Amino acid sequence: MSEKHLKTGDSLPPYSGKLRLFAMRFCPYAERSVLVLNAKKLAYDLVFIDLDNKPEWIFSFNPKGSVPVLEYEEGKAIFDSTIINVYLDEKYPEVPLQAADPLRRAQDKLLVELFAPAQSAYYTAAFNAQALTPTSAETYHKGLEILQKEIESRGTTYLAGDQPGLIDYTIWPFLERFLALPLLGKTDFAIDQSKYEVLLKYIEAMKTVPAVKSYCLAPETHSKFTESRVKGNPDYNMLDTSDVVCCMRPRKKKE
Ligand SMILES: N[C@@H](CCC(=O)N[C@@H](CS)C(=O)NCC(=O)O)C(=O)O
């Protein structure tokens with residue numbers, strides 16, 4: 001798999017007959033769908049696109065031009081991580097990822113909603129630091145506390161139970177990125193052991209999940225990409241190598 005991001009003027013690769021996901025390597029929403037495809041062991045092609053110089057054809061799959069987009073049949077696509085993931089779970093039920101119990105499904109959706117403000121605070125801290133206010137870190141920690149409490153009260157290794165489920169794959173991409181904030185100088189966004197013992201144990205468990213392991217990136221990598229984006233020149237292709245391995249760090253650029 002190439003990690004190269006296709007850009008304006010690049011042609012659409014030929015359709016192989018497999019499911020195809022259009023993504024951006026550092027997009028947390030796209031990661032949600034990658035994790036679901038991996039967890040379900042579905043065969044798929046992954047095509048990365050440069051979000052600052054989008055290939056024209058992306059708009060024929062998604063008029064909004066955002067990722068992720070799932071091409072489920074040649075030329076036919078759906079978009080939005082939540083919509084894609086529920087579709088995949090219903091279409092390919094062999095490895096079910098949504099909770100079977102309607103109440104638990106509702107509670108999972110509520111957790112995603114209650115966690116969302118922490119995601120927004122992360123975006124501000126990472127990409128728009130001048131807009132940070134004292135309440136940003138508070139909002140972020142409130143989201144983490146709600147998550148930790150939920151993990152504790154469910155009493156299982158993963159939110160979904162003894163195995164990870166859709167709720168875990170929905171929240172994880174953000175936790176992966178939150179770990180980069182102290183490297184970006186945002187020390188008040190650190191996830192400290194003293195306060196977050198249960199959450200950190202959960203994070204460690206998630207890192208061992210095969211679907212996650214094969215795609216996750218180290219905090220150093222997220223931090224490098226974030227810095228490049230903040231400088232106005234996102235380095236989409238920093239991992240462009242055929243031998244990408246889990247949690248890899250950015251390669252040293254040749255002088
Ligand atoms: N609600 C969407 C959000 C997707 C999203 O914001 N994707 C970003 C990249 S992380 C994107 O495509 N941004 C470029 C754009 O919107 O033009 C989802 O869950 O898929």
Side-chain angles (χ1 to χ4, degrees), residues 1 19 21 23 25-44 46 67-68 70 80-116 118-119 122 140 143-180 191 193 196-219 221-222 244-248:
M1 178 190 70
L19 292 168
L21 191 76
R25 186 60 179 92
F26 302 95
C27 171
Y29 300 100
E31 180 169 350
R32 287 175 167 175
S33 296
V34 169
L35 299 186
V36 164
L37 286 159
N38 288 351
K40 289 185 161 288
K41 298 192 167 59
L42 294 168
Y44 67 100
L46 190 53
V67 292
L70 178 78
D80 189 281
S81 60
T82 306
I83 292 171
I84 292 172
N85 289 350
V86 169
Y87 164 76
L88 287 171
D89 202 41
E90 290 172 357
K91 174 82 183 168
Y92 304 99
E94 293 79 10
V95 180
L97 295 178
Q98 294 176 91
D101 173 23
L103 179 61
R104 178 43 63 86
R105 259 189 219 213
Q107 288 165 336
D108 286 351
K109 285 180 188 155
L110 288 172
L111 181 59
V112 171
E113 198 176 308
L114 292 172
F115 187 66
Q119 295 171 195
Y122 152 77
Y140 171 84
L144 289 183
E145 281 159 28
I146 289 171
L147 175 60
Q148 171 159 275
K149 230 172 136 193
E150 192 65 24
I151 297 166
E152 221 167 356
S153 79
R154 292 192 182 193
T156 47
T157 306
Y158 304 102
L159 285 160
D162 297 333
Q163 296 298 323
L166 185 59
I167 179 65
D168 300 285
Y169 295 127
T170 301
I171 296 226
W172 170 257
F174 288 92
L175 292 176
E176 185 184 313
R177 284 154 184 79
F178 289 1
L179 300 172
I191 305 179
Q193 181 72 27
Y196 293 115
E197 198 184 334
V198 170
L199 179 58
L200 286 168
K201 199 169 154 223
Y202 170 77
I203 289 176
E204 287 313 306
M206 281 301 288
K207 283 186 194 166
T208 69
V209 173
V212 170
K213 220 172 157 179
S214 60
Y215 196 75
C216 80
L217 296 171
T221 309
H222 283 298
V244 171
V245 290
C246 167
C247 297
M248 71 173 295

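This is a predicted model, so every value here is computed, not measured.
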**OP:** Report yes if the side chains of Asp108 and Leu166 come closer than 4.5 Å at any heavy-atom pair, otherwise no.
**Re:** no
**OP:** Evaluate whether atom CD of Glu113 has more than 12 neighbouring non-hydrogen atoms of other residues, nucleotides or ligands under 6.0 angstrom away.
**Re:** no
**OP:** Provide the closest heavy-atom pair for Val212 versus Lys207 in the form atom of the first, atom of the second, distance.
**Re:** CG1-CA, 4.3 Å
Original post:
Please walk me through it: do Tyr158 and Ile167 pass side chain to side chain contact (heavy atoms under 4.5 Å, CB included)?
Top reply: CA-CA 9 Å; Tyr158 304 102; Ile167 179 65; over 6 Å; no
**OP:** Could you pull out the closest heavy-atom pair between Leu147 and Leu111, with the gap in Å?
**Re:** CD1-CD2, 4.2 Å
Subject >> Heavy-atom pair with the smallest gap, counting every atom of Glu150 and Leu159 >> reply: CG-CD2, 4.1 Å
**OP:** Please report the C-alpha distance between Ile191 and Tyr140 in whole Å, then the side-chain angles of each, then the deciding distance to 0.1 Å, and finally whether the side chain to side chain contact (heavy atoms under 4.5 Å, CB included) criterion is met.
**Re:** CA-CA 10 Å; Ile191 305 179; Tyr140 171 84; 3.9 Å; yes
Original post:
Can you tell me if Ser33 and Asn85 form a side-chain donor-acceptor pair at under 3.5 Å?
Top reply: yes
Subject >> Taking every non-hydrogen atom, the tightest pair across Pro164 and Leu97 >> reply: O-CD2, 4.2 Å
Original post:
Just how far is it from atom CD of Glu197 to atom CD of Glu152, taken to the nearest 0.5 Å?
Top reply: 9.0 Å
**OP:** Mind checking the CD1-CZ spacing from Ile171 to Arg32? Nearest 0.5 Å is all I need.
**Re:** 8.0 Å
Original post:
Is the number of heavy atoms from other residues, nucleotides or ligands within 6.0 Å of CG (Asp162) greater than 12?
Top reply: no
**OP:** Please report the shortest heavy-atom distance between Lys40 and Leu88, naming the atom on each side.
**Re:** CE-O, 3.6 Å
Original post:
Taking only residues two or more places apart in sequence, or in another chain, which ones meet Glu31 in a salt bridge (Lys or Arg N to Asp or Glu O under 4.0 Å)?
Top reply: Arg177
Original post:
Do Asp168 and Tyr202 have side chains that get closer than 4.5 Å, going by heavy atoms?
Top reply: yes
Original post:
How far does OH of Tyr92 sit from CG of Leu37, to the nearest 0.5 angstrom?
Top reply: 9.0 Å
Original post:
Checking side chain to side chain contact (heavy atoms under 4.5 Å, CB included) for the pair Val209/Gln163: CA distance, chi angles, key distance, verdict?
Top reply: CA-CA 9 Å; Val209 173; Gln163 296 298 323; over 6 Å; no
**OP:** Show the numbers, then the answer: is there a side chain to side chain contact (heavy atoms under 4.5 Å, CB included) between Asp89 and Val36?
**Re:** CA-CA 8 Å; Asp89 202 41; Val36 164; 5.8 Å; no
**OP:** Specify whether Phe178 and Phe115 have parallel, tilted or perpendicular ring planes, treating 30° as the upper limit for parallel and 60° as the lower limit for perpendicular.
**Re:** tilted
**OP:** Kindly compute the distance separating CD (Gln107) from CG (Asp101), expressed to the nearest 0.5 Å.
**Re:** 7.5 Å
**OP:** Report the distance from atom CE of Met206 to atom CG of Leu35, rounding to the nearest 0.5 Å.
**Re:** 7.0 Å
**OP:** Quick one: pull up CD1 in Ile151 and CD1 in Ile203 and give me the separation to the nearest 0.5 Å.
**Re:** 7.5 Å
Original post:
Does any donor atom in the side chain of Asn38 or Tyr169 lie under 3.5 Å from an acceptor atom in the other side chain?
Top reply: no
Original post:
Looking only at heavy atoms, which two atoms of Gln148 and Val198 are closest? And how far apart?
Top reply: OE1-N, 3.4 Å
